[in-house]
Protein chains: 2
Amino acid sequence: MAGIKEIARRANVSISTASYALNDSPKVKAETKARILEIAKELNYIPNMAGRTLKKQKTDLIGIYLTNYGGAFYGSLMKGITDGLNAEGYDVIICSGEKSHLFVPEKMVDGAIILDSTFPTEEIKNYVDRGHSIVVLDRRIKYKQLCNILLDNKRGSTIAIDLLSENNPEKIYLVTGPKDTYDSEERLKYAVKQLDYLEIEFEIIQGDFSKNGGTLAADIIYKKGQKNQHVFCLNDEMAIGMYDFFAETEWEIGQDIQIIGFDDTEVSRYVKPRLTTIRYSKEKWGAMAAAKLIAMLKGESVKNEIIRTHLVRGGSVK
Amino acid sequence: MAGIKEIARRANVSISTASYALNDSPKVKAETKARILEIAKELNYIPNMAGRTLKKQKTDLIGIYLTNYGGAFYGSLMKGITDGLNAEGYDVIICSGEKSHLFVPEKMVDGAIILDSTFPTEEIKNYVDRGHSIVVLDRRIKYKQLCNILLDNKRGSTIAIDLLSENNPEKIYLVTGPKDTYDSEERLKYAVKQLDYLEIEFEIIQGDFSKNGGTLAADIIYKKGQKNQHVFCLNDEMAIGMYDFFAETEWEIGQDIQIIGFDDTEVSRYVKPRLTTIRYSKEKWGAMAAAKLIAMLKGESVKNEIIRTHLVRGGSVK
DNA sequence: CTGTTAGCGCATTCAC
DNA sequence: GTGAATGCGCTAACAG
């Protein structure tokens, strides 16, 4: 409603003087400034973002791209990201859906942090080419100024297999995430590597990182009718799906079937027995992403980082 | 980089013709249009949002305001909201932090859905006065075109108390949320009403809707040294905090202490024993909010709605 | 069908 | 210290 020009008119000053006053420029006499500010308050003036953006060519906004099932991370990851970014004057919006990818080239956001496997790599590269600052958390992309903050999947998978191997299992089931998902493939790769090294048999069950995927995988294992099985679910979500399944059977988790997950989600802490899993600090992950993005925005060149992973023991593995 | 004028220049047409072509207007010859579009593709053209917004005075964006601990709702609530809004051509962004409140008056979003008790009521009213479309989910505000979608706290609280009363408890503890939180006060009010009606004693413990708040409340109850207690936690989060506490003691939930919560969060489904609680469809809640907002944006006048609540039985109450 | 032109709301350079 | 003028990128009314 009330634009800057209305204020200028009422204060009997030019538009530019009004603008200076509102932006607290030293070029305006204190007295005049006060008068203008008062009128602005009276008129309930709030600057229009589009106008300002058009002129300044920046929004001070950062877009965070999360997938649907990213909901599990929401809390702590976002805290890490937001704290860092806010401190530097940036505001954060969470985006989802294909259309919102355009926020980047449309310059609605000054930068982006991506943890969303549905965001195509080619698109990301394209935006980097256009000069946008992007930090990617869910895959490895070596490309110009692009920055990756990845989890130490190698260490995580190795630890997981090592733990399961202590029981001298005949074989170990590996339940994967969707095809072409970086974290799934990495975790699988290193798990297999360690299994080979330890000379343990294994069987891969195609999963999808969802609860339902875990339930289906559990069904496959259960139907074979052999108790005393060992499973590495490549994420917790699927492990929980297995809990759902076995709750309906006579098999006891931690006894008849040993399960280890990856991610240490909140639910994993509360299931009985507590899920043994691989943990990493989601808050640190977010904070690191924020720090790197800020550096990029300042024109500094940044290096990729790895977030450390470690074991959390629960009753789901003997 | 490449703006519309660059395209116009290369295509030897005027800026407006280029604009028309890009907006698929019938005012441009198919042939010309094709040529312009081709050049645009070549130049990797993407329109600048600020420019477009400034002109069109709308962004087709809806802001969703969620509090921190809203993380628990993220998944299903957002699905309900997003599905409805996307279908009408709106895109959704999740906002948090005080600064982002300004997105509304700055016209960065065409409308807002608020589930964030830190968003001051006065501010909301102010924005409504300015003509913005807002749907509020976390408090009752009777104000002009403002729309409220609230939970049926009355029914929920009444059911909760009724259930606990079946055990003929000497007294019932009520653990509240933060002061001045609508849902907390409502749930408390109706719980007390029902307790009075049933002539059951009760004691109110001030909580804060956080896990830690629940833990502290549990400590208070435990320290009294009297087993066989009954508690109505006004949200699940606090109930889970109680689980945390009692896990460290010899008291058994569902046996020595009966707990009922409110919200039916995911974790509540997995704790042992399963938390007895009050459920409502978060997805329906979100869908309703979306539907109402769309109606408002179309200039229709809308009525408030109530989301039905009902009991989910778990082992935490005998 | 296509070009000219005038803003949308604001920040900023350059005179005065 | 203040004002006039310009342009950010785009749309749309108006001419032609």
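Order of the sequence lines fixes the chain letters, A, B, ..., with proteins taken first and strands second; residue numbering starts at 1 for each chain. FYI, side chains are in, hydrogens and waters are out, and symmetry mates aren't considered; it's all heavy atoms of this structure. Just so it is clear, the structure is predicted and the values come from calculations on it, not from any experiment.
Comparing A:Ile46 and B:Lys33 against DNA chain C, the residue whose closest nucleotide sits nearer the 5' end is B:Lys33. Heavy-atom distances to DNA chain D give each of B:Ile15 and A:Thr17 a nearest nucleotide, and the one nearer the 5′ end belongs to A:Thr17.
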Q: Start with the C-alpha distance between B:Thr17 and B:Ser14, add both sets of side-chain angles, then the distance that settles side chain to side chain donor-acceptor pair (under 3.5 Å), and finish with yes or no.
A: CA-CA 5 Å; B:Thr17 305; B:Ser14 79; 3.2 Å; yes
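In this structure, NZ of B:Lys55 is placed 5 Å from C1' of D:dT11, rounded to the nearest angstrom. Between B:Leu54 atom CG and D:dC10 atom P the separation is 12 Å, expressed in whole Å. Between the CD1 atom of B:Ile4 and the C1' atom of D:dA12 there is a distance of 12 Å, rounded to whole Å. Atoms CE (A:Met49) and P (C:dA11) sit 11 Å apart, rounded to a whole Å. The distance between atom CD of A:Gln57 and atom C1' of D:dC8, rounded to the nearest whole Å, is 6 Å. Here the C1' atom of nucleotide C:dA11 and the CG atom of A:Asp24 are 15 Å apart, to the nearest Å. Atom pair B:Ile36:CD1 and D:dC10:P shows a separation of 14 Å (rounding to whole Å applied). Protein atom NZ of A:Lys58 is 13 Å distant from nucleotide atom P of C:dA11, rounded to whole Å.
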Short heteroatom pairs, N/O only, protein and nucleotides 13-16 of chain C, under 3.5 Å:
unit_1: C:dT13; atom_1: O4; unit_2: A:Tyr20; atom_2: OH; d: 3.0

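Summarising the geometry, atom CG belonging to A:Asn23 is positioned 10.0 Å from atom NZ belonging to A:Lys33; distances are rounded to the nearest 0.5 Å. Here the CG atom belonging to A:Asp91 is positioned 9.0 Å from the CE atom belonging to B:Met108, to the nearest 0.5 angstrom.
With sequence neighbours excluded, no residue satisfies salt bridge (Lys or Arg N to Asp or Glu O under 4.0 Å) with A:Lys303.
Between B:Ser19 and the phosphate of D:dA12, there is no side-chain N or O to OP1/OP2 separation shorter than 4.0 Å. Between A:Lys5 and C:dC8, a side-chain N or O to OP1/OP2 separation shorter than 4.0 Å is present. Phosphate contact (OP1/OP2 of C:dA11, side-chain N/O of A:Asn23, threshold under 4.0 Å): present.
Taking 4.0 Å as the cut-off between side-chain N and carboxylate O, A:Lys125 and A:Asp129 do not count as a salt-bridged pair.
Non-hydrogen atoms lying under 4.0 Å from DNA chain D are contributed by A:Asn12, A:Val13, A:Ser14, all within residues 7-14 of chain A.
Cation-pi contact between B:Lys41 and B:Tyr45: absent, since separation from the ring centre below 6.0 Å together with deviation from the ring axis within 45° is not met. Under the 6.0 Å distance and 45° angle rule, A:Lys284 does not count as a cation-pi partner of A:Tyr280.
Classification of the A:Phe119-A:His101 ring pair by plane angle, with boundaries at 30° and 60°, yields parallel.
Side chain of A:Thr181 to backbone of A:Ser184: no donor-acceptor contact under 3.5 angstrom is found.
Within 4.0 Å of B:Thr53, counting heavy atoms only, lies no atom of the nucleic acid at all.
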